[in-house]
Amino acid sequence: MSRALFIDGEPASIEALTHQALVNYGAYTSFRVEDGAARGLDLHLERLRDASIELFGEAVPEARLLELMRAAMEARETCWLRVSLFSDQISNRDPTSVGRPRVMIAVFDPPPPLAGSLRLQVQRHERIAPHLKHAANMDLLTARRRARAEGFDDALFADREGAFSEGTLWNIGFVRGDVVTWPRAPILAGVTQRLIQAGLADVGLSDETRILDWNDVAAGNFRSAFICNSATPACPVTGIDSWALDTDPTLIDRLRAAWASQPCQPI
């Protein structure tokens, strides 16, 4: 897998990478580039703007972000971009700096989908600042490791009352008939989730958002579920804890079609 790493348009320096390794403060977004364009590019830029203002007090101008993306891609029309924001003025000893963050862009080959199907373990966990796609990922990796060690593929988070929220690296939707139900909880509103929502009517589906928990699954209120993220437009869930769910290839095809109905936007 070929990779390239740039900070503010220049090859990443050891000094800047050292700061990144020692100070786990920042935000990012990542997405597939196809023929020099990306689905939901405006949503990724919105995510970076909002996170930049919240974490650093100032946003990187959209035109500057696009300029840096194009420079990092060079002649690569198809690739994967991870755009990260950080500040080498913020440290564990002095977290008070306010100002425009630096931009790190990683360019590499598009990864495969996360999985072909997933069996999930429910874990009680609430992410810090769940609305942000931030750099503090130890809890996510710990949850995935625990799930794998106990015979599952990944972890589905539930809050202290048992309400479902999101997964380690993805959003989840439950399906009954032609209605997709998303958990109502503090979560990261995924770009892929939002693209699917925008395209559901095109494939004869609708959606709703409400509080969901284990009782909904055990009562048979939903027979199918799926996960979605930028690398995986839709992937069926085969079970949650001990409860088996139906996998419907036709449903997954419709969800992927809803995602694909949203046009790619030139970078």
- Query: In chain order, what residues pass the ring pair (Phe, Tyr, Trp, His ring centres under 6.0 Å) check against Phe157, with sequence neighbours excluded?
  - Reply: His125
- Message: I'd like to check Gln193 versus Ile172 (side-chain heavy atoms, cut-off strictly below 4.5 Å). Are they in contact?
- Response: no
- Message: Asn229 vs Thr232, test: side chain to side chain donor-acceptor pair (under 3.5 Å). Steps then yes/no.
- Response: CA-CA 5 Å; Asn229 69 7; Thr232 315; 3.1 Å; yes
- ring-ring contact (aromatic ring centres under 6.0 Å, His included): pairs with one or both residues in residues 226-246, sequence neighbours excluded: Trp182-Phe226
- Message: Within the structure provided, determine whether Val33 and Thr78 are in side-chain contact (heavy-atom separation under 4.5 Å).
- Response: no
- Query: With a cutoff of under 4.5 Å between side-chain heavy atoms, which Ile, Leu, Val, Met, Phe, Trp and Tyr residues group with Ile211?
  - Reply: none
- Query: Is any side-chain heavy atom of Ser224 less than 4.5 Å from a side-chain heavy atom of Leu251?
  - Reply: yes
- Task: Hey, could you give me the CG/CE distance between Leu85 and Met104, rounded to the nearest 0.5 Å?
- Result: 10.0 Å
- Roughly how far apart are Ser206 OG and Glu208 CD, rounded to 0.5 Å? 7.5 Å
- Find out if a path of hydrophobic residues (ILVMFWY) with successive side-chain heavy-atom gaps under 4.5 Å connects Ile227 to Val175. no
- Can you see which heavy atom on Cys228 is nearest to which on Pro233, and at what distance? CB-O, 3.2 Å
- Taking all atoms of both residues into account, what is the closest heavy-atom pair of Arg76 and Asp109, and its distance? NH2-OD1, 2.7 Å
- Measuring from Gln89:CD to Arg100:CZ, what's the distance to the nearest 0.5 Å? 14.5 Å
- Query: Taking only residues two or more places apart in sequence or in another chain, which ones pass side-chain contact (heavy atoms from CB on, under 4.5 Å) with Arg32?
  - Reply: Glu34, Trp80, Pro110
- Nearest heavy-atom pair of Ala16 and Ile7: which atoms, and what distance? CB-CD1, 3.4 Å
- Residues Gln197 and Asp207: side-chain donor-acceptor under 3.5 angstrom: yes
- Using the test side-chain contact (heavy atoms from CB on, under 4.5 Å), find all partners of Glu150 that sit at least two apart in sequence or belong to another chain. Gln121, Arg146, Phe152
- Message: Enumerate the ring-ring contact (aromatic ring centres under 6.0 Å, His included) contacts for residues 9-52, please, sequence neighbours excluded, ordered by first and then second residue.
- Response: Tyr25-Phe56, Phe31-His44
- Query: Are Phe86 and Leu48 connected in a single hydrophobic cluster, I mean Ile/Leu/Val/Met/Phe/Trp/Tyr linked by side-chain heavy atoms less than 4.5 Å apart?
  - Reply: no
- Can you name the nearest heavy-atom pair linking Leu5 to Ala106, along with the distance? CD1-CB, 3.6 Å
- Message: Would you say CZ of Arg176 has more than 12 non-hydrogen atoms from neighbouring residues, nucleotides or ligands within 6.0 angstrom?
- Response: yes
- Item | Min side-chain heavy-atom separation Asp202-Gln262 under 4.5 Å | yes
- Taking side chain as C-beta onward, heavy atoms only, is Val103 less than 4.5 Å from Val83? yes
- Who passes ring pair (Phe, Tyr, Trp, His ring centres under 6.0 Å) against Trp259, sequence neighbours left out? none
- Message: Let me confirm one number: the CG-SG distance from Leu255 to Cys235, rounded to the nearest 0.5 Å.
- Response: 11.0 Å
- Can you tell me if Asn171 uses its side chain to pair, donor with acceptor, with the backbone of Gly190 under 3.5 Å? yes
- Task: Kindly compute the distance separating CG (Leu55) from NE2 (His134), expressed to the nearest 0.5 Å.
- Result: 9.0 Å
- Query: Do Leu188 and His131 come within less than 4.5 Å of each other through their side chains, counting heavy atoms only?
  - Reply: no
- Query: Arg254 and Asp178: salt bridge (charged side-chain N to carboxylate O under 4.0 Å, His left out), yes or no, with the steps?
  - Reply: CA-CA 10 Å; Arg254 293 170 75 187; Asp178 290 331; 3.4 Å; yes
- Query: Quick one: CD1 on Ile240 to CG on Asp216, what's the gap to the nearest 0.5 Å?
  - Reply: 10.0 Å
- salt bridge (charged side-chain N to carboxylate O under 4.0 Å, His left out) between Asp153 and Arg119, worked out: CA-CA 5 Å; Asp153 298 308; Arg119 181 167 167 260; over 6 Å; no
- Message: Regarding Thr29 and Arg47, do their side chains bring together a donor and an acceptor under 3.5 Å, going by distance alone?
- Response: yes
- Identify the heavy atoms of Ala258 and Ile196 that sit nearest to each other, and give their distance. CB-O, 3.9 Å
- Item | Under 3.5 Å side-chain donor-acceptor pair for Asp139 and Thr142 | no
- Give a yes or no on whether the backbone of Gly99 and the side-chain of Glu58 come within a donor-acceptor separation of less than 3.5 Å. no
- Query: Does one hydrophobic cluster hold both Leu156 and Leu114, with members joined at side-chain heavy-atom distances below 4.5 Å?
  - Reply: yes
- List for me each residue that meets side chain to side chain donor-acceptor pair (under 3.5 Å) alongside Asn215, sequence neighbours excluded, and say none if there are none. none
- Where is the tightest heavy-atom contact between Asp8 and Arg102, given as atom of each residue plus distance? OD2-NE, 2.9 Å
- Query: Considering residues at least two apart in sequence or located in another chain, which fulfil the side-chain contact (heavy atoms from CB on, under 4.5 Å) criterion with Leu66?
  - Reply: Leu41, Leu45, Glu62, Met69, Arg70, Ile267
- Message: Just so I know, are the side chains of Pro130 and Pro186 near enough to count as touching, which here means a heavy-atom distance under 4.5 Å?
- Response: yes
- Arg124 side chain vs Arg160 backbone, donor-acceptor pair below 3.5 Å: yes
- Item | Other residues, nucleotides, ligands: >12 heavy atoms within 6.0 Å of Ile128 CD1 | no
- Listed partners of Ser242 passing side chain to side chain donor-acceptor pair (under 3.5 Å), at least two apart: none
- Ala244: what forms a side-chain contact (heavy atoms from CB on, under 4.5 Å) with it, not counting sequence neighbours? none
- Task: Could you pull out all residues at least two apart from Arg144 that satisfy side chain to side chain donor-acceptor pair (under 3.5 Å)?
- Result: Asp154
- Taking the side chain as every heavy atom from C-beta outward, state whether Phe174 and Val217 have any atom pair closer than 4.5 Å. yes
- Query: Would you say Thr238's side chain and Ser117's backbone share a donor-acceptor pair under 3.5 angstrom?
  - Reply: no
